[in-house]
Peer 1: 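Got a structure for you, written out below as structure tokens; questions coming shortly.
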Amino acid sequence: MQIALVRPGPRAQVLEFTNLKPMPELTSPVRAYIEVVFSDRPRQVVSISELPFYIGRGIESNNHLSIDDLRISRKCAAIYAGPAGLRIENRGQLSGIFVNGQPTTGRTLADGDRIRLGLDDACQIIFRQEPEAPLQEEPVTKLQSLLGSLKVDSGDDLKGLRLLLEASSLLHSQLPLESVLAATLDHAIVITHADRGMLLEPDASGVLQVKVARGRAGQTLPIDRMNPSRSVLGRAIENESAVISEDLNVANLSQDLSQSVVLQLLRSAVVIPLYGTRLGYAGQPIETVRRELLGAVYLDSKRTATFSVLDRQILDALGGQAASILDNARLVERERERQRLEQELSIAREIQQALLPQGLQDYPHLAVTGTHRPCNEVGGDYFDVFPLPDGRIAILIADVAGKGLGAALLTTMLQGAISGMTLGVDPVMVFEHLNRFLCGRASVGRYATMFYGLLDPDGTLEFVRAGHPSPYLLRRGEVSELYSDGSFPIGLVEKASFWATRIQLEPEDTLLLYTDGITEAEDRHRTLFGTERLEEALARHQDSSLSDLQAGILGTVERFAEGTSQSDDITLLVVRYRRPGDHAGKTA
């Protein structure tokens with residue numbers, strides 16, 4: 001085990017306060033240090049030079065105390081200023097942190113407390129705190145001069161400012177959000193002399209619900225037992241400003257007397273609504289743009305309270321900082337959710353691409369090529385070519401209604417079902433089974449078109465279709481459809497029937513199987529590419545190789561679209577029949 005110190009050595013710090021907006025960062029003097037005790041080497045003394053003081057593995061996480069041990073998390077713990085003194089908080093040590101042998105997520109430290117990081121006692125930390133020196137006149141004078149128009153008349157006012165600075169530092173720390181909010185409530189409780197404090201956030205219906213609750217002694221309170229005054233909350237939200245009721249018995253509650261106030265014998269309450277970034281549209285007048293309600297800080301007490309002008313300004317500033325951190329946390333959470341979805345879609349795309357046939361191979365009586373271009377990360381199109389034990393080659397193309405992840409999930413399910421055909425199962429029976437399966441689960445709300453063909457070495461093509469566009473047959477320069485009558489997709493009509501049809505292919509016959517992403521491609525004027533253009537593009541490639549034919553059709557579609565974004569999945573499957581042993585170069 002090795003230990004490395006980042007930014008070592010004590011550094012003198014002075015309380016500075018320029019104004020309330022924007023909030024200054026904490027630079028309060030620290031008179032504490034820790035002894036790092038190893039089981040196999042001499043102890044080391046490390047000064048807590050600034051707050052928050054981060055402990056963890058590796059210097060890349062901006063740890064002040066970096067412990068090179070795999071049992072220590074990169075973001076392990078932090079020591080920061082709380083209302084009752086320096087506190088230690090678990091930042092992510094999976095095996096927990098222990099103070100004097102007791103597990104904790106966060107607690108105020110006392111001189112001589114022994115801190116263990118995780119279950120192993122190979123390394124322990126002893127917290128040491130020097131007696132706090134009396135506050136000197138010079139820092140007080142400097143602080144008062146920096147306050148400008150705000151007047152500090154007493155030590156209580158100075159204590160309130162110190163708590164505000166500590167809270168501001170916490171709000172900009174790297175501690176977990178819940179820990180930051182809990183510590184902020186602790187500071188607000190000390191400032192207001194409240195019995196309890198709560199942070200409320202709106203649920204899906206917009207009703208404020210308690211998310212964090214703290215008591216006067218810094219303990220966590222059960223949120224299911226909290227009953228904040230809805231009348232005071234409602235007044236703060238209606239006015240979009242803080243409500244400070246110093247004596248609820250004499251406050252004007254005649255219009256909406258709150259039962260919770262009466263039953264709980266409450267005498268004072270403070271509500272600070274928290275608002276985020278204004279929501280509106282470009283060019284909309286600022287006065288008509290509404291603010292997004294992020295939540296509210298609520299504090300109450302069974303005693304009457306008296307708040308000075310400075311107390312009120314401190315509470316306003318504290319509420320503004322809390323709103324800022326909640327707003328940022330929400331933005332960060334949205335970004336993390338976006339990244340998580342992108343990662344999951346990327347994984348889904350990799351899986352789907354891996355399930356598609358890779359490097360289609362030719363067979364003695366069949367040359368084949370194909371491509372699949374989803375319009376999103378994942379798509380609802382699918383194609384495959386695979387041999388059966390009886391010597392026939394199976395040709396499949398499918399298109400699930402819709403796009404995106406839902407369509408991709410159903411496509412994967414269909415692929416698994418179709419794979420059973422390699423065991424010699426009758427295709428008609430498989431289609432009918434899939435149809436009953438999907439129709440029996442109407443909540444899925446999706447259906448699929450499919451074409452499944454079996455090509456015999458002698459050129460006999462037996463196929464079953466389910467609402468899929470007819471493949472095109474290119475024979476001696478002429479283009480025709482395999483069928484013109486309709487059929488039902490799988491999963492649309494429960495009593496739909498399916499049947500097999502046979503045709504005879506001739507050598508050099510080419511089949512073009514496609515999904516409607518080709519024919520429904522649009523140009524800038526929203527004109528569809530259509531079947532006629534597809535037939536013309538196919539007819540021009542009678543003597544082309546399959547790869548050139550495929551590239552030619554895709555190029556024609558791209559030129560037609562003129563850069564218009566793809567609105568549907570595009571899939572092409574091109575096969576050319578040839579007699580066994582005939583390997584003419586033009587069919588490759």
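No experiment lies behind these values; they were computed from the predicted model shown. Computation of the quantities below employed the complete heavy-atom set of this structure, encompassing side-chain atoms and omitting hydrogens, waters and symmetry-equivalent molecules.
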Peer 1: Please name all residues satisfying salt bridge (charged side-chain N to carboxylate O under 4.0 Å, His left out) with Glu478, sequence neighbours left out, ordered by chain then number.
Peer 2: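 Salt bridge (charged side-chain N to carboxylate O under 4.0 Å, His left out) list for Glu478, sorted by chain: empty.
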
Peer 1: Any heavy-atom pair between the side chains of Pro427 and Leu454 that's under 4.5 Å?
Peer 2: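 Yes, their side chains come closer than 4.5 Å.
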
Peer 1: Show, in sequence, the C-alpha distance, side-chain angles and deciding distance for Leu455 and Val575, and conclude whether the side-chain contact (heavy atoms from CB on, under 4.5 Å) test is met.
Peer 2: CA-CA 10 Å; Leu455 183 58; Val575 297; 5.9 Å; no

Peer 1: Between atom CZ of Arg57 and atom SG of Cys76, what is the distance when rounded to the nearest 0.5 Å?
Peer 2: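 So the gap between those two atoms works out to 10.0 Å.
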
Peer 1: Tell me every residue that passes ring-ring contact (aromatic ring centres under 6.0 Å, His included) with Phe560, counting only those two or more places apart in sequence or in another chain.
Peer 2: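 Result, ring-ring contact (aromatic ring centres under 6.0 Å, His included) vs Phe560: Phe529.
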
Peer 1: When you compare the side chain of Val479 with that of Leu512, does any pair of heavy atoms fall below 4.5 Å?
Peer 2: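 No. Closest side-chain heavy atoms not under 4.5 Å.
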
Peer 1: Taking Asp399 for the side chain and Thr449 for the main chain, is one N or O donor matched with an acceptor at less than 3.5 Å?
Peer 2: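 Not confirmed, Asp399 side chain does not pair with Thr449 backbone.
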
Peer 1: Got a donor-acceptor contact below 3.5 angstrom from the Arg576 side chain to the Thr510 backbone?
Peer 2: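 Looks like no, no N/O pair under 3.5 Å.
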
Peer 1: Begin with the C-alpha distance, continue with both residues' side-chain angles, and end with the deciding distance and a verdict on side-chain contact (heavy atoms from CB on, under 4.5 Å) for Leu572 and Leu554.
Peer 2: CA-CA 9 Å; Leu572 281 178; Leu554 292 175; 3.7 Å; yes

Peer 1: Among Glu506, Glu508, Gln542, which one satisfies side-chain hydrogen bond (donor to acceptor under 3.5 Å, both in side chains) with Arg476?
Peer 2: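 Answer to the side-chain hydrogen bond (donor to acceptor under 3.5 Å, both in side chains) test with Arg476 among Glu506, Glu508, Gln542: Glu506.
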
Peer 1: Write down the atom of Ile490, the atom of Ala466, and the distance for their closest heavy-atom approach.
Peer 2: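 Where Ile490 meets Ala466 most closely, the heavy atoms are CG1-CB, 3.8 Å.
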
Peer 1: Using every non-hydrogen atom in the two residues, find where Gly96 and Asn90 come nearest and quote the distance to one decimal.
Peer 2: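 Shortest heavy-atom contact: CA-ND2, 3.9 Å.
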
Peer 1: Give a yes or no on whether a salt bridge exists between Arg475 and Asp509, defined as a side-chain N under 4.0 angstrom from a carboxylate O.
Peer 2: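 Here Arg475 pairs with Asp509 in a salt bridge, since their nearest N and O are under 4.0 Å apart.
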
Peer 1: Is a side-chain donor or acceptor of Ser470 paired with a backbone partner of Tyr483 at a separation under 3.5 angstrom?
Peer 2: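 Flag set: sc Ser470 to bb Tyr483 pair under 3.5 Å.
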
Peer 1: Kindly give the heavy-atom pair with the smallest separation between Phe383 and Gly370, and that separation in Å.
Peer 2: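 The pair with the smallest heavy-atom distance is CZ-C, 4.0 Å.
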
Peer 1: Set out, in order, the CA-CA distance, both residues' side-chain angles and the distance that settles side chain to side chain donor-acceptor pair (under 3.5 Å) for Thr571 and Asp381, then state yes or no.
Peer 2: CA-CA 7 Å; Thr571 301; Asp381 287 2; 2.9 Å; yes

Peer 1: I'd like to know if the side chain of Asp384 reaches the main chain of Ile395, judged simply by a donor and an acceptor atom lying under 3.5 Å from each other, with no hydrogens or angles considered.
Peer 2: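 Side chain of Asp384 to backbone of Ile395: no pair is present.
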
Peer 1: Roughly how far, to the nearest 0.5 Å, is CD1 of Ile553 from CG of Asp548?
Peer 2: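 So the CG of Asp548 and the CD1 of Ile553 are separated by 11.5 Å.
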
Peer 1: Which is it for Glu240 and Tyr275 under the side chain to side chain donor-acceptor pair (under 3.5 Å) test, yes or no, and what are the steps along the way?
Peer 2: CA-CA 9 Å; Glu240 294 191 8; Tyr275 290 95; 4.6 Å; no

Peer 1: Mind checking salt bridge (charged side-chain N to carboxylate O under 4.0 Å, His left out) for Asp224 and listing every partner two or more places apart, or none if nothing turns up?
Peer 2: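 Asp224 satisfies salt bridge (charged side-chain N to carboxylate O under 4.0 Å, His left out) with no other residue.
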
Peer 1: Using only heavy-atom distances, determine whether the side chains of Gln504 and Thr460 contain a donor-acceptor pair under 3.5 Å.
Peer 2: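 Yes, side-chain donor-acceptor contact under 3.5 Å.
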
Peer 1: Minimum heavy-atom separation for Leu438 and Gly491, please, with both atom names.
Peer 2: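 Closest approach of Leu438 to Gly491: CB-CA, 3.6 Å.
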
Peer 1: To the nearest 0.5 Å, what is the distance between CZ on Arg392 and CG on Leu461?
Peer 2: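 Answer rounded to 0.5 Å: 10.0 Å.
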
Peer 1: Checking ring pair (Phe, Tyr, Trp, His ring centres under 6.0 Å) for the pair Tyr447/Phe488: CA distance, chi angles, key distance, verdict?
Peer 2: CA-CA 10 Å; Tyr447 59 88; Phe488 288 111; over 10 Å; no

Peer 1: Taking side chain as C-beta onward, heavy atoms only, is His468 less than 4.5 Å from Thr515?
Peer 2: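 A side-chain contact exists here, since the closest heavy-atom pair is under 4.5 Å.
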
Peer 1: Are the side chain of Asp203 and the backbone N or O of Gly206 linked by a donor-acceptor pair below 3.5 Å?
Peer 2: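 Yes, because the side chain of Asp203 sits within donor-acceptor range (under 3.5 Å) of the backbone of Gly206.
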
Peer 1: Identify the two heavy atoms, one from Val557 and one from Ala521, that lie closest to each other, and give their separation to 0.1 Å.
Peer 2: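 Residues Val557 and Ala521, closest heavy atoms: CG1-CB, 3.9 Å.
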
Peer 1: Please tell me if the side chains of Glu536 and Thr531 come closer than 4.5 Å, counting only heavy atoms from C-beta onward.
Peer 2: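 The answer is no, as the side chains (C-beta and beyond) never meet within the 4.5 Å cut-off.
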
Peer 1: How many angstroms lie between CZ in Arg524 and CD in Glu562, if you round to the nearest 0.5 Å?
Peer 2: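 Result: 4.0 Å between the selected atoms.
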
Peer 1: Any donor and acceptor pair, going by atom type alone, linking the side chain of Ser73 with main-chain N or O of Gly92 inside 3.5 Å?
Peer 2: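 Side chain of Ser73 to backbone of Gly92, a donor-acceptor pair under 3.5 Å: yes, one is there.
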
Peer 1: So do Val212 and Thr220 actually touch side chain to side chain, heavy atoms under 4.5 Å?
Peer 2: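 Answer no - side chains too far apart.
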
Peer 1: Walk me through it: do Leu208 and Leu293 pass the test side-chain contact (heavy atoms from CB on, under 4.5 Å)?
Peer 2: CA-CA 10 Å; Leu208 289 175; Leu293 178 65; 4.2 Å; yes

Peer 1: How far apart are the closest heavy atoms of Ile223 and Lys211, and which atoms are they?
Peer 2: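 Scanning both residues completely, I find the closest heavy atoms to be CG2-O, 3.9 Å.
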
Peer 1: Excluding sequence neighbours, so at least two apart, what forms ring-ring contact (aromatic ring centres under 6.0 Å, His included) with Tyr472?
Peer 2: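 Checked Tyr472 against ring-ring contact (aromatic ring centres under 6.0 Å, His included); matches are Tyr514.
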
Peer 1: With a 4.5 Å limit on heavy-atom distance, are the side chains of Thr556 and Arg540 in contact?
Peer 2: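 Touching, per the 4.5 Å side-chain cut-off.
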
Peer 1: Should Phe451 and Phe463 be marked as a ring pair (Phe, Tyr, Trp, His ring centres under 6.0 Å) after you check the CA-CA gap, both sets of side-chain angles, and the distance that decides it?
Peer 2: CA-CA 7 Å; Phe451 175 91; Phe463 60 86; 5.3 Å; yes

Peer 1: Can you list the residues that meet the side chain to side chain donor-acceptor pair (under 3.5 Å) rule with Asn239, with sequence neighbours excluded?
Peer 2: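 Checked Asn239 against side chain to side chain donor-acceptor pair (under 3.5 Å); zero matches.
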
Peer 1: So, Glu558 and Arg373, do they make that salt bridge, N to O below 4.0 Å?
Peer 2: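 Judged by the 4.0 Å cut-off on N to carboxylate O distance, Glu558 and Arg373 do form a salt bridge.
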
Peer 1: Tell me yes or no: between the side chains of Thr519 and Asp516, is some donor less than 3.5 Å from an acceptor?
Peer 2: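 No, because no side-chain N or O of Thr519 sits under 3.5 Å from a partner of the opposite role on Asp516.
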
Peer 1: Per the side chain to side chain donor-acceptor pair (under 3.5 Å) rule, what does the pair list look like for residues 487-503, sequence neighbours excluded?
Peer 2: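 Residue pairs with at least one partner in residues 487-503: Arg465-Thr501.
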
Peer 1: Say you draw a straight line from CG of Leu511 to CD1 of Ile397; how long is it, rounded to the nearest 0.5 Å?
Peer 2: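 Spacing of CG (Leu511) from CD1 (Ile397) equals 11.5 Å.
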
Peer 1: Would you say the side-chain atoms of His365 pair up with the backbone N or O of Arg578, donor to acceptor, closer than 3.5 Å?
Peer 2: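 No, the answer is negative, given that no donor and acceptor are paired below the 3.5 Å cut-off.
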
Peer 1: Side chain of Asn435, backbone of Val493: donor and acceptor closer than 3.5 Å?
Peer 2: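 Such a contact is found between Asn435 side chain and Val493 backbone.
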
Peer 1: Start with the C-alpha distance between Val210 and Tyr298, add both sets of side-chain angles, then the distance that settles side-chain contact (heavy atoms from CB on, under 4.5 Å), and finish with yes or no.
Peer 2: CA-CA 9 Å; Val210 179; Tyr298 173 94; over 6 Å; no

Peer 1: Within this structure, what is the CG-CD distance for the pair Leu199 and Gln209, rounded to the nearest 0.5 Å?
Peer 2: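 Rounded to the nearest 0.5 Å, the CG-CD separation comes to 12.5 Å.
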
Peer 1: Treating Tyr363 as the side-chain partner and Gly391 as the backbone partner, does any N or O pair qualify as donor plus acceptor under 3.5 Å?
Peer 2: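 Here the side-chain-to-backbone pair does not exist.
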
Peer 1: Considering only heavy atoms from C-beta outward, does the side chain of Ile55 approach that of Ile67 to under 4.5 Å?
Peer 2: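 Answer yes - side chains close enough.
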
Peer 1: If we only count heavy atoms from C-beta on, is the Glu522 to Thr527 side-chain gap below 4.5 Å?
Peer 2: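 Answer no - side chains too far apart.
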
